[in-house]
Enquirer: 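Have a look at this one.
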Amino acid sequence: MASNSFGTHFRITTWGESHGLAVGCVLDGCPPGIPISDDEINQVLLQRAPGRAFVSERKEEDRVEILSGLFDGMTTGAPILLLIKNKDHDSSKYEAMKALYRPGHANFTYLQKYGVFDHRGGGRASARETAARVAAGAIAKKFLKALGIEIVGYIQAIGTVTATSIDFTHRDKSPIFCPDIAAEASMLDLITKVKELGDSVGGVVACQVAGVMAGLGDPMYDKIQARLAYAMLSLPAAKGFEIGEGYHAACMHGSEHNDGFIQKEGKTQAATNHAGGVLGGITTGEPIFFTVAFKPTSSIFKTQKTVDFEGNEVDFSLPAGSRHDPCVAIRAVPVVEAMCALVLMDAVLHNQTLMPCK
Ligand SMILES: Cc1cc2nc3c(=O)[nH]c(=O)nc-3n(C[C@H](O)[C@H](O)[C@H](O)COP(=O)(O)O)c2cc1C
């Protein structure tokens, strides 16, 4: 199975299955001298971990062990191995779906391609893999923070309920990373209702990057929005990516969409930010703003029609006690932040290689 690596200069290779011994990644290209500890990474991992209200009831501790690449609490420049043990998995719940095609999940395509599928928890297709991305992203975030770059993801919508006011203080307290206290109440109601019905619901994660310098990204195939889209659409259940006005730009006039330039405090800057912080594939220095749409969780308790591996039509529903997210977008928030950090870290390190010839 190819394509387990992401990034060029700051490169992760993830490994592990949902119900295997552990998941993790090897991180290559990390600059030396970044102070980091497993405790710091664990704090970030906690935000993604299942076992909180409104997400999957699987109670993973999600504790990382850093096996290499650190000395005296600092990165050394050597490869970093991040290991997260799988502890609270129950493979018995997956026996019932061992020999049938799961609607909306990945076993049909894996079987077409590889002829073998680890059905326990979805194997490699499980979003458990994203824990490794979050762990590596925590190191990237630390590096970017020292440069003044802050990445904040939040829930913009769950189903048709949309956050309209943005209060980041509330987002930090919200069990679903929602920055709008009024919308949050309706979102929680909706999640509770779909859960009672044995169903699931989709959602949109928004991400804002403040303090980003102008000049990240390369103008042709490595446009910063292309790298971000690639990163975000590599996430399980991701179905859409928009930057700045996104699809809404198609409904606007140039006179509305153009961000006019102004001179402010001795600096030329844009008066508005419909572009989402990118022009010509390169960051403008304005905040980057993008959104990622996640489909409703495919694992639902409602009865669905499918076929087994012999081609017989069967009615299928999840066994009682199975643990799944009613809305994957919620736990995707820290994962979106992590992937954004990996993209920006890579772009910063890439710029350091662009030295003029003497
Ligand atoms: C953070 C996160 C948590 C997820 N949790 C679940 C889950 O509990 N149950 C499930 O069926 N899918 C879950 N998914 C989605 C599946 O992993 C995904 O739908 C599956 O691998 C098929 O891939 P695709 O939807 O990208 O086509 C989750 C996705 C993310 C990002």
Side-chain angles (χ1 to χ4, degrees), residues 1 3-4 14 16-19 23 44-52 54-60 62 84 86 88-91 93-94 96-97 100-114 117-135 137 153-155 158 176-177 191 194-195 198-205 207 229-241 291-302 304 306 316-319 321-340:
M1 190 182 293
S3 273
N4 295 288
T14 70
E17 290 82 25
S18 183
H19 290 195
V23 293
V44 185
L45 273 172
L46 256 185
Q47 299 177 359
R48 196 213 73 97
R52 293 180 297 122
F54 306 105
V55 297
S56 160
E57 281 141 28
R58 178 170 170 173
K59 288 190 179 57
E60 284 293 1
D62 271 1
I84 304 155
N86 292 329
D88 183 37
H89 50 75
D90 177 3
S91 302
K93 295 286 180 292
Y94 289 85
M97 49 186 110
L100 50 79
Y101 295 112
R102 286 175 66 184
H105 217 285
N107 73 342
F108 177 77
T109 46
Y110 272 52
L111 283 163
Q112 300 296 307
K113 191 175 171 77
Y114 303 109
F117 184 73
D118 178 354
H119 66 284
R120 303 161 311 153
R124 186 70 183 146
S126 162
R128 182 104 192 101
E129 183 267 353
T130 61
R133 304 185 193 213
V134 172
Y154 59 90
I155 283 290
I158 289 189
I176 55 167
F177 305 105
I191 297 166
V194 293
K195 220 176 150 179
D199 213 337
S200 62
V201 65
V204 177
V205 175
C207 188
Y230 178 61
M232 300 308 152
L233 294 177
S234 77
L235 293 174
K239 284 292 175 192
F241 173 85
T291 54
V292 191
F294 288 89
K295 73 183 194 184
T297 322
S298 62
S299 304
I300 54 175
F301 289 89
K302 281 194 150 180
Q304 302 175 82
T306 189
F316 163 64
S317 56
L318 285 179
S322 304
R323 296 169 297 184
H324 291 278
D325 290 276
C327 174
V328 302
I330 301 166
R331 284 206 296 135
V333 171
V335 189
V336 164
E337 288 181 0
M339 289 310 288
C340 178

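Side chains included, hydrogens not; waters and symmetry mates left out as well; all remaining heavy atoms used. Just so you know, ligand 1 is whichever comes first in the structure, and atom 1 is the first atom listed for that ligand.
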Enquirer: Can an N or O of K239 be found at a distance shorter than 3.5 Å from an N or O of ligand 1?
Expert: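 N/O-N/O distance under 3.5 Å: no.
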Enquirer: Using a 4.5 Å cut-off on heavy atoms from C-beta on, say whether the side chain of M97 contacts that of P319.
Expert: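 A side-chain contact exists here, since the closest heavy-atom pair is under 4.5 Å.
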Enquirer: Atoms of ligand 1 less than 4.0 Å from R331 heavy atoms?
Expert: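 Counting atoms of ligand 1 from 1, those under 4.0 Å from R331 are 1 (C), 3 (C), 5 (N).
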Enquirer: Is it true that G122 lies under 4.0 Å from ligand 1, counting heavy atoms only?
Expert: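 No; G122 lies far enough from ligand 1 that no heavy-atom distance drops under 4.0 Å.
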Enquirer: Determine whether the side chains of R120 and S18 contain a donor N or O and an acceptor N or O closer than 3.5 Å.
Expert: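 S18 and R120 do not have a side-chain donor-acceptor pair below 3.5 Å.
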Enquirer: What part of D325, side chain from CB on, backbone N/CA/C/O, both or neither, has a heavy atom under 4.0 Å from ligand 1?
Expert: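 Within the 4.0 Å criterion, D325 contacts ligand 1 through backbone and side-chain atoms alike.
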Enquirer: Within a distance under 4.0 Å of any heavy atom of S298, pick out the atoms of ligand 1 and give their elements.
Expert: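 Every atom of ligand 1 under 4.0 Å from some heavy atom of S298: 11 (O).
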Enquirer: For the rings on F117 and Y110, is their centre-to-centre separation under 6.0 Å?
Expert: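 Yes - the distance between ring centres of F117 and Y110 falls below the 6.0 Å cut-off.
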Enquirer: Any idea which protein heavy atom is nearest atom 30 (C) of ligand 1, and the distance to it?
Expert: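 The protein heavy atom lying closest is A127 CB, 3.4 Å.
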Enquirer: Evaluate A125 for polar contact with ligand 1, using N/O atom pairs at a separation under 3.5 Å.
Expert: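 Min N/O separation from ligand 1 is below 3.5 Å for A125.
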Enquirer: Considering non-hydrogen atoms of the protein only, which is the closest contact for atom 31 (C) of ligand 1, and what is the distance?
Expert: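 Answer for atom 31 (C) of ligand 1: P236 O, 3.3 Å.
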Enquirer: Hey, does the side chain of S126 reach the backbone of R128 with a donor-acceptor pair shorter than 3.5 angstrom?
Expert: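 Yes, the answer is positive, given that a donor and an acceptor are paired below the 3.5 Å cut-off.
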Enquirer: Ignoring hydrogens, just give me the one of V333, L233, V328, V335 whose non-hydrogen atom is nearest atom 4 (C) of ligand 1.
Expert: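 Considering heavy atoms of V333, L233, V328, V335, the nearest to atom 4 (C) of ligand 1 sits in V328.
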Enquirer: What protein heavy atom sits nearest atom 25 (O) of ligand 1, and how far off is it?
Expert: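 Protein heavy atom with the smallest distance to atom 25 (O) of ligand 1: K295 NZ, 2.7 Å.
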Enquirer: State the CZ-OG distance between F301 and S322, to the nearest 0.5 angstrom.
Expert: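 F301 atom CZ to S322 atom OG measures 5.0 Å (nearest 0.5 Å).
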Enquirer: In the protein, which heavy atom is nearest to atom 15 (C) of ligand 1, and how far is it?
Expert: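 Ranking protein heavy atoms by distance from atom 15 (C) of ligand 1, first comes A237 CB, 3.8 Å.
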Enquirer: For atom 11 (O) of ligand 1, grab the closest protein heavy atom and report residue, atom and distance to one decimal in Å.
Expert: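 Looking at atom 11 (O) of ligand 1, the protein heavy atom closest to it is S299 OG, 2.5 Å.
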Enquirer: If you define the side chain from C-beta out and look only at heavy atoms, does anything of L111 sit under 4.5 Å from Y101?
Expert: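 Yes, their side chains come closer than 4.5 Å.
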Enquirer: Does the D199 side chain pair with the main chain of K302, one donor and one acceptor, at a distance under 3.5 Å?
Expert: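 Flag not set: sc D199 to bb K302 has no pair under 3.5 Å.
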Enquirer: Do the charged groups of K195 and D325 touch, with an N to O distance under 4.0 Å?
Expert: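 No, K195 and D325 are not salt-bridged.
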Enquirer: Would you check if there is a donor-acceptor pair between the side chains of T306 and R102 at a distance under 3.5 Å?
Expert: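 No.
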Enquirer: Answer yes if the side chains of R124 and T14 hold a donor-acceptor pair under 3.5 Å, and no otherwise.
Expert: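 Yes, side-chain donor-acceptor contact under 3.5 Å.
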Enquirer: I need the contact type for R48 against ligand 1. Using non-hydrogen atoms and a strict under-4.0 Å cut-off, is it side chain, backbone, both or neither?
Expert: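 Neither; nothing of R48 gets under 4.0 Å from ligand 1.
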Enquirer: Among all protein heavy atoms in this structure, tell me which lies nearest to atom 20 (C) of ligand 1, with the distance rounded to 0.1 Å.
Expert: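 Result for atom 20 (C) of ligand 1: H105 CE1, 3.6 Å.
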Enquirer: Could you identify the single nearest non-hydrogen protein atom to atom 7 (C) of ligand 1 and state the distance to 0.1 Å?
Expert: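 Answer, as residue, atom name and distance: H324 ND1, 3.5 Å.
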Enquirer: Output the list of atoms in ligand 1 that are nearer than 4.0 Å to some heavy atom of T297, sorted by atom number.
Expert: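 Counting atoms of ligand 1 from 1, those under 4.0 Å from T297 are 7 (C), 9 (N), 10 (C), 11 (O), 12 (N).
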